Peer 1: 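Handing you this structure, nothing more for now.
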Protein chains: 2
Amino acid sequence: MLNQSESLDLVFQALADPTRRVMVERLTRGPASVSELAQPLDMSLPAVVQHLQVLETSGLVRTAKVGRVRTCTIDPKTLSLAEKWISERRALWERRLDRLGDLLAEEDD
Amino acid sequence: MLNQSESLDLVFQALADPTRRVMVERLTRGPASVSELAQPLDMSLPAVVQHLQVLETSGLVRTAKVGRVRTCTIDPKTLSLAEKWISERRALWERRLDRLGDLLAEEDD
DNA sequence: AGATTGGTTAAGCATATACTTAAGTATTGC
DNA sequence: GCAATACTTAAGTATATGCTTAACCAATCT
C-alpha cells in the first residue's frame, strides 16, 4: 500500500506529461482500447503503452484485457485525490488573506 | 509566453515532488524566506533553491529579494489552473456516467 | 492453417531530475 | 573593518524519464 504522499507523487507526475493528459482527456469521454488511445498520438505503440503504465500505477487509469484487447477506463477517485490536495491549499491561502484583510480593517479603527 | 499545456506541464511537474509540496504547504501559511523554507527540509540549501526555482518557473511561487533575504509567496492563480483542469475532466466523466445511467433507466421501460 | 490484428518484451539511448560539495558574493550586525 | 548571515554559482554524479527499434506472442479472421 502507498501512503498519501507517494500517491500524490505518482498522480501529479502522471499528469505532468501532455501525452498522458491527452490520454486522460480521451478516457473522460469513455473507455478505449490501447490502439484507440494511440491513434491520435505521434509515437510508437510501445511508447503509448509506457505512458499507459504510468497512468495505471498512478491509479488514474484502470485496464482489463479481454481476448487480445486491453480496455482502459478512468478512476475518478484518484483524480479527486489530486484535486482535493490543491483545493485545500488554495482554501488555506484564501482564509489567510481574509484574516489579513480583517486585521487591516481593524487597524483603521 | 507559455501556452496552457506547457503551463500545466510545469505546474503538475512542480507538484509531483514531496519536498516541493511541503514548501507550498509552508507558503500557504504565509510568506517565508529561503532559509525558513529550508529549515524543516533534510537537504542542502542549494538543493532547496533548485526546488524553489522549479516552483517559480511553474508560476506557483513568486519571490522577491530585499537586501540579502529572498521572500517567497504563493501565486494562487497558478494553483487554480491545475485545479481547474482536474475538475473539468472529473465533471466530464461524471456527466458521462449520468448519461449512461439515464440510458440504462430508459431501457427498463 | 496462415495471415492479420492488438498488444507485449527487451534493449538501448539521449536528456532531465534531484541531489552533492566547494567556492563565491552581497548585506548586515558589532 | 571584520565576521556572520543569507543566499548564489558552478560543477559533478547517480538515477529516472521518454522515447526508439526489433522481435515476439496470442487472439481472431478467412
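All of these numbers come straight from a predicted model, not from anything done at the bench. Chain A is the first sequence line, chain B the second, and so forth, proteins listed ahead of strands; every chain is numbered from 1.
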Peer 1: With a 3.5 Å distance limit and no angle check, can you tell me whether B:Arg26 reaches the backbone of B:Glu36 through a side-chain donor-acceptor pair?
Peer 2: no
Peer 1: Identify all side-chain donor-acceptor contacts of residues 86-93 of chain A below 3.5 Å with residues at least two apart in sequence or on another chain.
Peer 2:
| unit_1 | atom_1 | unit_2 | atom_2 | d |
| --- | --- | --- | --- | --- |
| A:Ser87 | OG | A:Glu83 | O | 3.3 |
| A:Ser87 | OG | A:Lys84 | O | 3.2 |
| A:Arg89 | NE | A:Trp85 | O | 3.3 |
| A:Arg90 | NE | B:Glu83 | OE1 | 2.5 |
| A:Arg90 | NH1 | A:Glu94 | OE2 | 3.1 |
| A:Arg90 | NH2 | B:Glu83 | OE1 | 2.9 |
| A:Arg90 | NH2 | B:Glu83 | OE2 | 3.3 |

Peer 1: For the helix from C:dA1-D:dT30 to C:dC30-D:dG1, what angle lies between the axis at the first five pairs and the axis at the last five pairs, to 10 degrees?
Peer 2: 20°
Peer 1: Does A:His51 place a side-chain N or O at less than 4.0 Å from the phosphate oxygens OP1/OP2 of D:dC19?
Peer 2: yes
Peer 1: Measure the spacing between CD of B:Gln4 and OG of B:Ser7 and express it to the nearest 0.5 Å.
Peer 2: 7.0 Å
Peer 1: Tell me whether A:Leu45 shares a hydrophobic cluster with A:Val69, the cluster being built from Ile, Leu, Val, Met, Phe, Trp, Tyr side chains joined at under 4.5 Å.
Peer 2: no
Peer 1: For A:Asp9 and D:dT17, what is the distance between atoms CG and P respectively, to the nearest whole Å?
Peer 2: 10 Å
Peer 1: With rounding to the nearest 0.5 Å, note down the distance linking CG in B:Leu41 to OG in B:Ser35.
Peer 2: 11.5 Å
Peer 1: Can you find a pair of side-chain heavy atoms, one from A:Thr71 and one from A:Val66, that are under 4.5 Å apart?
Peer 2: no
Peer 1: What heavy-atom pair brings A:Arg20 and A:Ala14 nearest, and what distance separates the two atoms?
Peer 2: NE-O, 2.8 Å
Peer 1: Using every non-hydrogen atom in the two residues, find where A:Gly59 and A:Asp75 come nearest and quote the distance to one decimal.
Peer 2: O-CB, 3.3 Å
Peer 1: May I ask whether A:Val54 and A:Leu52 are part of the same hydrophobic cluster, defined by side-chain heavy atoms of I, L, V, M, F, W, Y residues being less than 4.5 angstrom apart, directly or through others?
Peer 2: no
Peer 1: As an exercise, state the distance from CG of B:Leu37 to CZ of B:Arg70, rounded to the nearest 0.5 Å.
Peer 2: 11.5 Å
Peer 1: Once each nucleotide of nucleotides 23-30 of chain D is scored for protein heavy atoms under 4.0 Å, what B/S/- sequence comes out, 5' to 3'?
Peer 2: ----BS--
Peer 1: To the closest 0.5 Å, what do you measure between CZ (A:Arg29) and CD1 (A:Ile74)?
Peer 2: 10.0 Å
Peer 1: Please round to the nearest 0.5 Å and tell me the distance separating atom CZ of A:Arg21 and atom OG of B:Ser5.
Peer 2: 4.0 Å
Peer 1: Any residue in residues 34-43 of chain B with a heavy atom nearer than 4.0 angstrom to DNA chain D? Just list them by number, or reply none.
Peer 2: B:Val34, B:Ser35
Peer 1: Above 12 or not: heavy atoms from other molecules or residues under 6.0 Å from CG of B:Asp98?
Peer 2: yes
Peer 1: Mind checking which nucleotides bracket the chain B contacts on DNA chain C, 5' to 3', with an atom under 4.0 Å from a heavy atom?
Peer 2: C:dA18 to C:dT28
Peer 1: Within residues 19-28 of chain A, which residues have any heavy atom lying less than 4.0 Å from an atom of DNA chain D?
Peer 2: A:Arg20
Peer 1: Atom CG of B:Leu55 and atom CD of B:Gln13: how far apart are they, to the nearest 0.5 Å?
Peer 2: 11.0 Å
Peer 1: Judged by each residue's nearest nucleotide on DNA chain C, which is more toward the 5′ side, A:Gln53 or A:Gln13?
Peer 2: A:Gln53
Peer 1: Among B:Leu10, B:Thr78, B:Leu27, B:Leu81, whose side-chain contact (heavy atoms from CB on, under 4.5 Å) with B:Leu60 holds?
Peer 2: B:Thr78
Peer 1: Figure out the CD/P separation between A:Gln50 and D:dA16, and round it to whole Å.
Peer 2: 15 Å
